[in-house]
2 protein chains.
Amino acid sequence: MTDDIVASVVRQWQAVNPGLDTGPMELIGRINRCAALLQQAEDAPLRAAGLNRAEFDLLGAMRRTDRELTPGELARETFSSGAAVTKRLRALQESGLIGRRSDARDRRVAHVGLTEAGRDLVDRLLPEQLAYERSVLSGLDEETRSGLSGQLGELLVQLEGRLGGGRR
Amino acid sequence: MTDDIVASVVRQWQAVNPGLDTGPMELIGRINRCAALLQQAEDAPLRAAGLNRAEFDLLGAMRRTDRELTPGELARETFSSGAAVTKRLRALQESGLIGRRSDARDRRVAHVGLTEAGRDLVDRLLPEQLAYERSVLSGLDEETRSGLSGQLGELLVQLEGRLGGGRR
DNA sequence: AACAGGTGTTACACATGTAAAAGATTCTCC
DNA sequence: GGAGAATCTTTTACATGTGTAACACCTGTT
């Protein structure tokens, strides 16, 4: 059984500062490091389609809600700033993946929706992406995977409550 | 028991695309979302000291290895690019937290080390930071925390092997 | 009619990574 | 032994993506 990076960092701290309670570091450090490694790896099929993860998240939000969304809703849905959404929407529109329509009643708001090409792209890409992710996670047995999912869900509920990551 | 965000996203996908195997999404999505929420929150004590997480990681690497490091070693240690390290080192040097010394034998390399002020800052900040992180995680019972740490360690070993996150 | 508030976009600052550059060392082959 | 090539370490230049804050525009209210 070999050590992971966080374990060896923790050992270094213990050597230099014995008695330090490194518990939080072991959990948070591992979450951050896993996220960094996954993000570096997981975008391979997306990149092949000329998208990055943030753009795909936008397309995915439109596909899974199955209706037109406003830029503001998309920002909340993807946890990013309005400005970032504006910029990404422009790129996606230039690629012909989304279209926009302005609201008849309230001319401040815009409604953004997938074009047929955008919808087809998501439907083609998502299974590829999931298959790729499955292969990245294949080193873990099913029990560990579902255990992790469940416990991370628990943590996520706590964090959402505590840190106001609220939705809507 | 309430749902987390990922669970509700998965439910949306299932409604629109029944039979999709969303397993990888449930795990990776939660890891990413936890990391995002934690990073947003976890830097509070650091910010009070005028540092960001990346700069603190640099200082921490020097403190825990307890010796002078070269910029290249620091880049590998903190998993960031050499250019980013150069820029951060300049800022930290201007703050008087680190000092540099050029190698006697090989004039290409520089040796960077903590000043007394830098060392004191880390020793003061790290316990604060860990206490803060402990409070952020306090919603989880000890069993869940250690379970998560262990399983994430397992995942991390897999990812490091698979994705070449090798060290040294 | 003025105003308070909401929505989307633009301007700017900032952090990061990739790639090129600059400086220094080591190797190779004559 | 030495000149040039290859390599290594760090820094600089540039492109990119993001968030904050200011802005323009619109609505509904008083």
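So that the names make sense, note that chain A is the first sequence line, chain B the second, and so on, each numbered from 1.
The side chain of A:Thr70 contributes an N or O atom lying less than 4.0 Å from OP1 or OP2 of C:dG8. Contact check, A:Arg100 against C:dT9: a side-chain N or O comes under 4.0 Å of OP1 or OP2.
Distance, B:Leu74 CG to D:dT9 C1': 13 Å, rounded to whole Å. The nearest whole Å value for the distance from the CG atom in B:Asp57 to the C1' atom in C:dA15 is 14 Å. Rounded to whole angstrom, the span from the NZ atom of B:Lys87 across to the C1' atom of D:dA13 amounts to 12 Å. Between the CG atom of B:Leu89 and the P atom of D:dT9 there is a distance of 16 Å, rounded to whole Å. Regarding A:Arg88, its CZ atom lies at a distance of 15 Å from the C1' atom of C:dT9, rounded to whole Å. The distance between atom CZ of A:Arg53 and atom C1' of D:dT16, rounded to the nearest whole Å, is 19 Å. Atoms CG (A:Leu92) and P (D:dG17) sit 12 Å apart, rounded to a whole Å. Straight-line distance from the CZ atom of A:Arg107 to the C1' atom of D:dG28: 15 Å, rounded to whole Å.
Between B:Glu73 and B:Arg67 there is a salt bridge, with a side-chain nitrogen of the basic residue lying less than 4.0 Å from a carboxylate oxygen of the acidic one. Under a 4.0 Å N-O distance rule, the pair B:Arg119/B:Glu116 does not qualify as a salt bridge. For A:Glu77 and A:Arg63, the salt-bridge test fails: no basic side-chain N is under 4.0 Å from an acidic carboxylate O.
By the side-chain contact (heavy atoms from CB on, under 4.5 Å) test, B:Asp103 is found to be paired with B:Arg105, B:Asp106, B:Val109, B:His111, residues two or more places apart in sequence or in another chain being considered.
Atom CG of B:Asp66 is separated from atom CD of A:Gln12 by 10.0 Å, given to the nearest 0.5 angstrom. For the atom pair CE (B:Met62) and CD1 (B:Ile98), the distance works out to 5.0 Å, reported to the nearest 0.5 Å. Going from atom CD of A:Gln14 over to atom CG of A:Leu20 covers 6.0 Å, rounded to the nearest 0.5 Å.
Closest approach to the A:Arg90 side chain among C:dT10, D:dT18, D:dT12 is made by C:dT10 (side chain taken as heavy atoms from C-beta onward). The B:Arg108 side chain lies nearest to C:dA24 when the options are C:dG17, D:dT10, C:dA24. Taking only side-chain atoms of A:Thr86, from C-beta outward, the nucleotide of C:dT16, C:dG8, D:dG19 with the closest atom is C:dG8. Residue B:Asp106 has its side chain nearest to C:dA24 when only C:dT18, C:dA24, D:dG19 are considered. Among D:dT12, D:dT10, D:dT20, the nucleotide with an atom closest to any side-chain atom of B:Ala83 is D:dT12.
Fit an axis to the five pairs at each end of the helix from C:dA1-D:dT30 to C:dC30-D:dG1 and the two axes sit 10° apart, to the nearest 10 degrees.
Residues A:Ala84 and A:Arg105 both approach DNA chain D. Their nearest nucleotides, taken by heavy-atom distance, put A:Ala84 toward the 5′ side.
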